[in-house]
Visitor: 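Here it is, the structure, as structure tokens.
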Amino acid sequence: MVNTPTPVSPVQKSSKMEGIKERSHALREPVATEILQDTTHFTEEGIQILKFHGSYQQDNRDNRIKGQEKDYQFMLRTRNAGGFIPPQLYLAMDEMSDSFGNHTLRVTTRQGFQIHGILKKNLKAAIATIVRNMGSTLGACGDLNRNVMAPPAPYKDKPEYVIAREYADNIADLLMPRTGAYYEIWLDGERAITGEPNPEIQAALSRNGNGTVFHEGEEPIYGTYYMPRKFKCAITVPGDNSIDLFSQDVSLVVITNDQGELQGFNVYAGGGLGRTHNKEETFARIADEIGYVEKDDIYDVMKAIVATQRDYGDRVNRRHARMKYLINDWGVEKFRSVVESFWGKSFQPFHPLPDWKYKDFLGWHDQGDGQLFLGISIENGRIHDTETLKLKTALREIEEEYALPIRLTANHNLVFYDIDPELQPDIQAILDRCGIKMETAIDPLVRYSMACPALPTCGLAVTESERAMPGILDRIRALLDKVGLEQEHFVTRMTGCPNGCARPYLAELGFVGQSPSSYQIWLGADPHQTRLAQPYLDNLHIDNLEAALEPLFVYFKQEKQERVEPESFGDFCDRVGFDALRRYAAAYQPTPAKVRGKYRVGIRDEVYDRLKKHATEKGVHMSEISSKAIEAYLNTIE
């Protein structure tokens with residue numbers, strides 16, 4: 001027997017949120033009561049329980065007027081394992097984005113859709129429409145398992161991809177909340193039409209193991225209190241890191257034999273990226289190797305992992321409630337032992353795996369059964385029409401004409417599949433007419449970038465992200481061109497706060513919102529998202545972007561290693577180290593176009609030493625600081 005610690009009791013000592021969940025009557029109240037009230041918004045308790053149903057209450061900060069009620073609106077998020085969107089659901093979402101929302105759809109970084117701008121009076125109709133068109137929002141948010149991710153490539157001739165999609169569906173089913181509250185509130189008790197229950201999942205839900213399942217109440221997995229915080233799972237195939245597997249609470253890797261038959265799964269656990277500025281006890285973390293599991297045991301292992309986090313995760317301090325902190329505090333060995341005590345068996349040794357590669361599956365591909373699939377890039381995940389790019393029009397036209405199934409990607413792009421090759425010219429003509437670029441025509445800086453929605457709707461955002469990203473990428477491209485790196489590109493990600501929704505801590509260049517118009521800069525992850533970035537600069541005002549990045553790019557150009565594959569920017573930063581980056585940046589002299597060398601200004605030794613120290617700490621060159629200081633002084637005397 002494993003000697004495990006006593007779990008925190010939500011009844012005896014807990015955060016405020018635990019009481020809200022206890023009083024909710026399995027996620028019913030106060031949402032069921034408040035949705036009937038003629039108001040524009042929910043109470044604080046209603047807001048928290050509403051998340052479990054797939055919605056966040058927001059307000060449009062662009063429309064705030066002092067002394068007037070906030071412009072309350074709601075974001076709806078879909079839960080669709082592996083990013084699967086049937087044609088019927090896409091068309092319903094597209095129509096609702098116009099009738100109920102802000103005329104846009106947004107692909108999330110967890111392979112779901114979000115509709116922004118829904119009013120409270122339309123919320124019930126919107127959720128009902130999604131459910132009646134083969135979708136769901138249940139469990140897309142809240143303290144439970146979120147959308148289960150899987151590679152979006154719909155290969156039919158690669159058995160491991162077929163298996164990954166199948167088990168993403170099954171694990172999503174296993175960890176889905178069972179409460180009747182969802183259908184009672186949003187569909188007046190009407191149950192959606194579903195297929196026959198998966199007998200393997202039904203059997204797994206009835207097996208208790210050593211305390212993994214509650215036999216009383218509506219929630220066999222979650223019980224009264226659900227999870228301490230959100231819980232994220234993914235499943236992939238060896239070598240395919242299209243789903244950022246190291247950022248997940250649990251990632252499974254399909255292991256097959258030479259005949260393509262499923263044997264079992266490698267299990268990773270303990271990833272998570274959310275953190276809080278100036279709270280060093282919060283941090284980004286990548287998942288650890290836990291072990292190998294035979295295929296017949298995977299559902300019991302998943303229940304055991306969930307039970308471990310459910311029963312021993314921190315329910316007092318929500319900042320410390322994710323499973324990454326439990327594993328970090330306990331260590332992998334202890335975590336593995338506790339999971340095994342719930343499961344009743346032991347993990348086997350991890351199976352060897354090839355190197356991980358990021359894949360985005362853009363462009364036209366053979367899916368292995370005589371049909372094609374097509375990956376379309378969606379910049380920052382926002383589906384809308386502009387004067388030059390009619391993306392929303394194109395996607396709707398394709399779905400209305402050809403009714404193609406869709407897989408959304410973890411890089412907020414979209415894949416159409418099951419395309420008859422004879423239709424390729426017609427579909428490509430629609431894309432060309434609407435201004436949609438093929439992957440070869442997209443600047444790789446844009447292709448491999450991500451940004452979260454941030455302002456004006458996200459309540460956590462401290463600065464811009466999605467709206468700022470295009471202009472920032474233009475400036476980075478111009479700077480790369482200036483220093484002679486015209487063909488260079490790298491993974492760039494931006495968030496408006498430190499919670500990490502666009503996963504900036506796994507980017508080669510990450511922007512993390514820290515204050516208005518200012519960002520913490522993270523560097524040094526690898527292009528395939530297997531190594532964490534590290535913080536390089538605090539509170540860089542976006543006006544100083546070029547001054548901060550130019551020295552790094554010049555240094556990279558001078559010192560990068562030429563290999564079979566040229567060294568990436570992230571690998572370079574990791575190899576030389578941040579001390580070297582800061583020293584180079586502090587001593588860097590801008591190009592003559594920026595600073596005319598004939599000017600000489602003398603300063604005292606002690607001032608120079610202070611200037612050099614400050615420049616090194618901030619990662620900017622001394623001339624930039626001195627120029628700003630002199631300009632500020634001159635402005636005060638003019």
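Values below: every heavy atom of this structure, side chains too, minus hydrogens, waters and symmetry copies.
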Visitor: Which value, rounded to the nearest 0.5 Å, describes the distance between Y584 atom OH and L552 atom CG?
Guide: 9.5 Å
Visitor: Extract all donor-acceptor atom pairs below 3.5 Å that involve side chains of residues 448-457 and protein atoms in other chains or at least two apart in sequence.
Guide:
unit_1 : atom_1 : unit_2 : atom_2 : d
S449   : OG     : V446   : O      : 2.8

Visitor: Do Y588 and Y555 have their ring centres less than 6.0 Å from each other?
Guide: no
Visitor: Tell me whether the centres of the aromatic rings in F373 and F416 are closer together than 6.0 Å.
Guide: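 No - the distance between ring centres of F373 and F416 does not fall below the 6.0 Å cut-off.
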Visitor: A502 and T109: which non-hydrogen atoms are nearest, and at how many Å?
Guide: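 So the minimum-distance heavy-atom pair works out to CA-CG2, 4.3 Å.
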Visitor: Evaluate the salt bridge (Lys or Arg N to Asp or Glu O under 4.0 Å) criterion for residues R467 and D62: first the C-alpha distance (whole Å), next the side-chain angles of each, then the deciding distance (0.1 Å), finally the verdict.
Guide: CA-CA 13 Å; R467 297 192 297 194; D62 286 348; 2.7 Å; yes
Visitor: Salt-bridge test for E488 and K560: reply yes if a basic N is under 4.0 Å from a carboxylate O, no otherwise.
Guide: yes
Visitor: Does Q487 CD have over 12 foreign heavy atoms under 6.0 Å away?
Guide: no
Visitor: Tell me whether R447 is salt-bridged to E439, with the criterion being a basic N under 4.0 Å from an acidic carboxylate O.
Guide: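 Salt bridge between R447 and E439, a charged N being under 4.0 Å from a carboxylate O: no.
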Visitor: Check step by step if ring-ring contact (aromatic ring centres under 6.0 Å, His included) holds for F265 and Y292.
Guide: CA-CA 6 Å; F265 301 86; Y292 172 80; 8.3 Å; no
Visitor: For a salt bridge (Lys or Arg N to Asp or Glu O under 4.0 Å) check, start with the C-alpha distance between D249 and R322, then their side-chain angles and the critical distance, and finish with the verdict.
Guide: CA-CA 8 Å; D249 288 271; R322 291 291 299 277; 2.7 Å; yes
Visitor: For T104 and S97, work out which heavy atoms get closest and say how close.
Guide: O-CB, 3.4 Å
Visitor: In terms of ring plane angle, is the pair F556 and F569 parallel, tilted or perpendicular, where the classes change at 30° and 60°?
Guide: perpendicular
Visitor: So do the side chains of T495 and R503 get within less than 4.5 Å of each other, counting heavy atoms only?
Guide: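 Contact flag for T495/R503 side chains = no.
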Visitor: Could you tell me whether R229 and D314 have a side-chain N and a carboxylate O separated by less than 4.0 Å?
Guide: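 No salt bridge links R229 with D314.
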Visitor: So, applying side-chain contact (heavy atoms from CB on, under 4.5 Å) with F361, which one of T409, D240, N411 is it?
Guide: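 Result for side-chain contact (heavy atoms from CB on, under 4.5 Å) with F361: D240.
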Visitor: Any salt bridge between D143 and K230, counting N to O under 4.0 Å?
Guide: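 Between K230 and D143 there is no salt bridge, as every charged N stays at least 4.0 Å from the carboxylate O atoms.
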Visitor: Regarding R493 and D244, does a basic nitrogen lie under 4.0 Å from an acidic carboxylate oxygen?
Guide: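 Counted as a salt bridge, because a side-chain N and a carboxylate O are separated by less than 4.0 Å.
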Visitor: When you look at L372 and H365, which way does the side-chain contact (heavy atoms from CB on, under 4.5 Å) test go after all the steps?
Guide: CA-CA 6 Å; L372 305 175; H365 302 267; over 6 Å; no
Visitor: Does a side-chain N-to-carboxylate-O contact under 4.0 Å join E550 and K482?
Guide: yes
Visitor: Using ring centroids (six-membered ring only for Trp), state whether W522 and Y536 fall under 6.0 Å.
Guide: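 No, ring centres 6.0 Å or more apart.
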Visitor: Is the shortest distance from a Lys or Arg side-chain nitrogen in K437 or D443 to a carboxylate oxygen in the other one below 4.0 Å?
Guide: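 No, this pair does not count.
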Visitor: Output yes when R319 and E281 qualify as a salt bridge under the 4.0 Å nitrogen-oxygen rule, no when they do not.
Guide: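 No, this pair does not count.
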